[in-house]
Undergrad: 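One structure is given below, represented as structure tokens, and several questions about it will come after.
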Amino acid sequence: MKIAILGAMPEEIDPFIVEIPTQIDYYAGNKFYKAEFAGHELFIAYSKIGKVNAAITATLLIEKFKVEALLFTGVAGALKDNFKIGELLYATKLAQHDLDISAFGHPVGYVPGNEIFVNTSKKLNKIAVKTAKDLGLTLKSGVIASGDQFICDDDKKAWIAKTFGADAVEMEGASVAQVCSAFKVPFFIMRAISDVAGHKAEIDYDEFMENSAKTSADFVLKMIEKI
Ligand code: SAH
């Protein structure tokens with residue numbers, strides 16, 4: 001099967017490049033690593049940060065490289081107290097917290113023609129749960145809200161958690177979800193917590209991002225063996 005591995009930043013996909021010998025292909029300002037792993041053809045890339053960058057790379061992976069499933073791996077800020085730094089969660093559904101035409105009476109996150117939430121693949125989520133069980137790892141699940149902002153503010157954090165019932169916040173997942181859903185490609189969004197998205201979250205982020213990025217990538221690597 002052709003499987004895409006997508007991250008936003010080099011640190012999020014580096015563990016794959018280290019573990020697997022790859023070939024490189026450049027296209028549209030993106031670097032795509034190709035590899036054979038566990039009987040699959042992998043297409044590995046980082047998009048650069050933010051929803052637009054992530055949407056471009058996800059679209060290329062699907063349209064140019066014809067991937068049949070997409071696994072996102074990376075880090076996120078926790079919005080609820082039960083998610084601690086270093087913990088893993090996969091998204092059950094995702095929304096864009098900065099998409100706002102509420103001036104016209106619509107709910108935040110909604111634009112005509114789309115739903116507020118995009119659901120992830122139940123089949124891939126099940127494989128993740130089984131992988132965690134077999135490895136004896138704790139894997140949580142939750143709602144992820146994405147937007148083009150690094151959230152490091154207690155009021156904003158509380159607003160996103162309440163408005164979307166969200167457990168974690170990041171800057172790419174919901175756009176990847178929208179692209180995959182439009183192309184009917186099953187997708188999975190894995191995140192390890194790097195910070196708790198409140199005041200001065202950037203300090204925790206700088207300290208824990210690399211470790212959390214590796215935790216997430218290592219998990220996805222194991223998960224591929226079960227696909
Ligand atoms: N390290 C970068 C900036 C990181 S932006 C630099 O200095 O260039 C944060 C990245 O981690 C995004 O890709 C986002 O998806 C994720 N992320 C982690 N914690 C986040 C938070 N609190 N709010 C939003 N995104 C967060």
Side-chain angles (χ1 to χ4, degrees), residues 4-16 29-31 44-58 61 70-91 93-100 108-109 118 120 140 142-180 187-220:
I5 307 296
L6 179 59
M9 302 176 285
E11 293 88 341
E12 291 172 328
I13 59 152
D14 276 351
F16 288 90
N30 285 238
K31 197 175 184 179
I44 307 161
Y46 73 91
S47 60
K48 303 188 286 283
I49 295 163
K51 292 189 298 173
V52 174
N53 281 325
I56 291 172
T57 311
L61 285 161
L70 184 150
L71 313 180
F72 191 102
T73 173
V75 298
L79 298 174
K80 306 248 175 89
D81 291 344
N82 55 328
F83 288 92
K84 306 274 183 262
I85 289 174
E87 283 188 336
L88 286 164
L89 94 153
Y90 68 87
K93 58 181 184 175
L94 301 98
Q96 298 179 51
H97 67 71
D98 59 352
L99 188 58
D100 184 353
V108 183
V118 182
T120 53
K140 296 181 175 177
V143 175
I144 291 185
S146 311
D148 286 324
Q149 299 154 3
F150 181 79
I151 304 301
C152 48
D153 176 274
D154 292 310
D155 292 341
K156 184 93 206 207
K157 170 182 172 176
W159 179 83
I160 295 171
K162 185 163 176 275
T163 308
F164 297 94
D167 298 288
V169 65
E170 36 84 316
M171 302 177 65
E172 298 85 18
S175 65
V176 172
Q178 194 176 330
V179 168
C180 290
F187 67 99
F188 175 77
I189 309 280
M190 176 89 252
R191 295 279 184 173
I193 301 299
S194 54
D195 58 85
V196 297
H199 182 60
K200 299 260 184 230
E202 66 277 16
I203 295 174
D204 279 345
Y205 173 91
D206 276 342
E207 185 173 348
F208 299 110
M209 182 272 274
E210 211 167 316
N211 254 341
S212 294
K214 187 166 185 336
T215 303
S216 174
D218 286 348
F219 183 87
V220 170

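Keep in mind that the numbers below use all heavy atoms, side chains included, and drop hydrogens, waters and symmetry copies. When a residue number appears, it is its place in the shown sequence, counting from 1. Whatever order the structure lists them in is the order used to number ligands and atoms, beginning at 1.
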Undergrad: Taking the side chain as every heavy atom from C-beta outward, state whether Ile203 and Phe208 have any pair of such atoms under 4.5 Å apart.
TA: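 Counting from C-beta outward, Ile203 and Phe208 never come under 4.5 Å.
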Undergrad: Could you tell me whether the side chain of Thr120 and the main chain of Ala91 form a donor-acceptor pair under 3.5 Å?
TA: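 Yes, Thr120 side chain to Ala91 backbone: donor-acceptor pair under 3.5 Å.
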Undergrad: Nearest 0.5 Å, please: how far is OG1 in Thr215 from CD1 in Ile85?
TA: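 The OG1 atom of Thr215 is 12.0 Å from CD1 of Ile85, to the nearest 0.5 Å.
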Undergrad: Quick one: is the NZ or CZ of Lys140 closer than 6.0 Å to the six-membered ring centre of Phe83, and within 45° of its axis?
TA: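 Yes, Lys140 lies over the aromatic ring of Phe83.
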Undergrad: Hey, which of Lys51, Arg191, Lys48 is the one that makes side-chain hydrogen bond (donor to acceptor under 3.5 Å, both in side chains) with Glu172?
TA: Arg191
Undergrad: Heavy atoms under 4.0 Å from ligand 1: which residues qualify?
TA: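 Ligand 1 is contacted, at a heavy-atom distance under 4.0 Å, by Ala8, Met9, Ile49, Val75, Ala76, Gly77, Gln149, Phe150, Ile151, Val169, Glu170, Met171, Glu172, Arg191, Ser194, Asp195, Ala197, Tyr205.
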Undergrad: Do Ser146 and Glu170 meet the criterion of a side-chain donor-acceptor pair at a distance under 3.5 Å?
TA: yes
